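Computed from a prediction, not measured in an experiment: that's the story for all the values here.
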Amino acid sequence: MKVALFDLDGVLIDTEGQYESFWRKIGQDFLPEQPSFAQDIKGMSLGQIYQTYFPGLESLQKEMTCRLNAFEKEMHYPIFESVLPFLKRLQEMHVRCAVVTSSNKEKMKQVYAEHPEFSSYFSKIFTAEHVQHSKPMPDCYLNAAKVLEVAPEKCVIFEDSINGLKAGRDSGAQVVALATSLSREVLTNHENSKLYDMLVDNFRQIAPEALFAD
């Protein structure tokens, strides 16, 4: 049977608005020449953000890390309304599920504290520490498939960001895009529409029996 691989922010938990506000302020403070910074980094790990936009600036990276840690401790991590019924149905169908996120283990502690039952829905939770190259590289999804001992073609990936969709598409898996963080207008433009097999607004619009049929 196919395996379900879920991104975290913007797919399972409704946090993208909070993060966008945080990273927009970081961009204004440290990278004002790139007004799209907050959008461009969606799906990237913190290490990849530093390597790409702030290489070698260790003191600045340290300041941003401190800001982010303080911000995440005050954040809320609400689960999207349609998520738990979908996950419960997959459990009933004996579909293995895993989280594949660019977030680190420290951030996940905050999620577990707010939702103690969260990890019980998943066979494995893969974080930024599991791979060297974050999205849009496909490494995180290829690694998840390898650990779960399934071919990438037998995986169904759920993503909301362009970087995440690119990673999913390049892994060779089936990709479902959720219009939670980005509008349908953005996701359906000519280039982005090539990055997924299905576009939905939420998990209520997905029939698990059809999606996970062999």
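Using cut-offs of 30° and 60° on the angle between ring planes, the pair Phe122 and Phe6 is perpendicular. Note: Phe54 and Tyr50 have perpendicular aromatic rings, judged against thresholds of 30 and 60 degrees for the angle between ring planes.
In this structure, CZ on Arg169 lies 12.0 Å from CD1 on Ile162, to the nearest 0.5 angstrom. Separating the CG atom in Asn104 from the CG atom in Asn69 is a distance of 7.5 Å, to the nearest 0.5 Å. Between the CG atom of Leu195 and the CG atom of Leu165 there is a distance of 5.5 Å, given to the nearest 0.5 Å. Interatomic distance, Ser102 OG to His130 NE2, rounded to the nearest 0.5 Å: 13.0 Å. For the atom pair CG (Asn163) and OG (Ser134), the distance works out to 7.5 Å, reported to the nearest 0.5 Å. Considering NZ of Lys109 and NZ of Lys73, their distance stands at 9.5 Å, rounded to 0.5 Å.
Summarising the local packing, CD of Glu129 is surrounded by more than 12 heavy atoms from other residues, nucleotides or ligands at distances under 6.0 Å. Within 6.0 Å of CD on Gln205 lie more than 12 heavy atoms contributed by other residues, nucleotides or ligands. Heavy atoms of other residues, nucleotides or ligands lying less than 6.0 angstrom from CD of Glu58 number 12 at most.
The salt bridge (charged side-chain N to carboxylate O under 4.0 Å, His left out) test applied to Asp160 returns no partner, not counting sequence neighbours. The side-chain hydrogen bond (donor to acceptor under 3.5 Å, both in side chains) search around Arg67 returns Asp29, Glu63, not counting sequence neighbours.
At a threshold of 4.5 Å between side-chain heavy atoms, the hydrophobic network of Ile, Leu, Val, Met, Phe, Trp and Tyr places Met108 and Val83 in one connected group. No single ILVMFWY cluster, assembled from side-chain heavy atoms under 4.5 Å apart, contains both Ile206 and Leu199. Both Val3 and Phe126 are part of a single hydrophobic cluster, where members link through side-chain heavy atoms under 4.5 Å apart. Both Val95 and Ile125 belong to a single network of hydrophobic side chains, linked directly or stepwise wherever heavy atoms of I, L, V, M, F, W or Y lie under 4.5 Å apart. Hydrophobic clustering (side-chain heavy atoms under 4.5 Å, transitive across Ile, Leu, Val, Met, Phe, Trp, Tyr) keeps Leu142 apart from Leu148.
Residue Lys135 comes nearest to Ala167 through the heavy atom pair CG-CB, 3.9 Å, listed as atom of the first residue, atom of the second, then distance. Contact between Ser103 and Leu8 at its shortest, heavy atoms only, is OG-CD2, 4.2 Å. Taking all atoms of both residues into account, the shortest heavy-atom contact from Asp139 to Val131 is O-CG1, 3.8 Å. In plain terms, the two heavy atoms of Val100 and Ala144 that are nearest each other are CG2-CB, 3.9 Å. The shortest heavy-atom contact between Tyr53 and Leu31 is CD2-CD2, 3.7 Å. What you find for Gly56 and Gln61 is that their closest heavy atoms are N-NE2, 3.9 Å.
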Please tabulate, one pair per line, all N/O donor-acceptor pairs under 3.5 Å involving side-chain atoms of residues 170-177, not counting sequence neighbours.
| residue | atom | partner | partner atom | Å |
| --- | --- | --- | --- | --- |
| Ser171 | OG | Gly168 | O | 2.6 |
| Ser171 | OG | Ala173 | N | 3.3 |
| Gln174 | OE1 | Lys2 | NZ | 3.3 |

Discussion item. One pair to check against side chain to side chain contact (heavy atoms under 4.5 Å, CB included): Phe37 and Phe30. What are the steps and the verdict?
Written reply: CA-CA 10 Å; Phe37 173 70; Phe30 303 115; over 6 Å; no
Discussion item. Walk me through whether Leu12 and Val99 qualify under side chain to side chain contact (heavy atoms under 4.5 Å, CB included).
Written reply: CA-CA 9 Å; Leu12 298 175; Val99 174; 3.8 Å; yes
Item to complete: Check the pair Glu185 / Asn189 against side chain to side chain donor-acceptor pair (under 3.5 Å), numbers first and verdict last.
Response: CA-CA 6 Å; Glu185 181 180 6; Asn189 74 37; over 6 Å; no
Discussion item. Let's go through Tyr77 and Gln18 carefully: what are the C-alpha distance in whole Å and the side-chain angles of both, what is the deciding distance for side chain to side chain donor-acceptor pair (under 3.5 Å) to 0.1 Å, and is it a yes or a no?
Written reply: CA-CA 10 Å; Tyr77 301 90; Gln18 298 176 76; over 6 Å; no
Worksheet item: Is there a side chain to side chain contact (heavy atoms under 4.5 Å, CB included) between Ser59 and Lys62 once you walk through the steps?
Response: CA-CA 5 Å; Ser59 61; Lys62 184 176 181 180; 5.6 Å; no
Worksheet item: For Tyr121 and Leu90, what are the C-alpha separation, side-chain angles and deciding distance, and is it a side chain to side chain contact (heavy atoms under 4.5 Å, CB included)?
Response: CA-CA 9 Å; Tyr121 292 100; Leu90 294 186; over 6 Å; no
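When side chains are defined from C-beta on, Phe158 does not count as touching Leu5, because their heavy atoms never get closer than 4.5 Å. Residues Ile41 and Trp23 are in side-chain contact: their nearest non-hydrogen atoms beyond the backbone lie under 4.5 Å apart. Cys155 is listed as a side-chain neighbour of Val150, based on a closest heavy-atom distance under 4.5 Å. By the 4.5 Å heavy-atom criterion applied to side chains, Glu72 and Tyr19 are counted as neighbours. When side chains are defined from C-beta on, Leu178 does not count as touching Asp201, because their heavy atoms never get closer than 4.5 Å. When side chains are defined from C-beta on, Met64 counts as touching Leu60, because their heavy atoms get closer than 4.5 Å.
Tyr196 places a side-chain N or O within donor-acceptor distance of the main-chain N or O of Leu187, the cut-off being under 3.5 Å. Put simply, the side chain of Gln51 never gets that close to the backbone of Gly47: no donor and acceptor are under 3.5 Å apart. With Arg96 contributing its side chain and Ala4 its backbone, the two residues share no donor-acceptor pair below 3.5 Å. At distances below 3.5 Å, not a single donor-acceptor pair connects side-chain atoms of His115 with backbone N or O atoms of Tyr112. Side-chain atoms of Thr15 do not come within 3.5 Å of backbone N or O of Asp9 as any donor-acceptor pair. A donor-acceptor pair is defined here as one N or O able to donate and one able to accept, closer than 3.5 Å; no such pair exists between the side chain of Gln48 and the backbone of His133.
In summary, Glu149 and Lys146 do not engage in a salt bridge, as defined by a charged side-chain N under 4.0 Å from a carboxylate O. A salt bridge between Lys42 and Asp7 is absent, with no side-chain N of the basic residue lying under 4.0 Å from a carboxylate O of the acidic one. A salt bridge does not link Glu159 with Lys166: none of the charged nitrogens is closer than 4.0 Å to a carboxylate oxygen.
Looking at Glu20, Arg24, Gln34 one by one, the single match for side-chain hydrogen bond (donor to acceptor under 3.5 Å, both in side chains) with Gln39 turns out to be Glu20.
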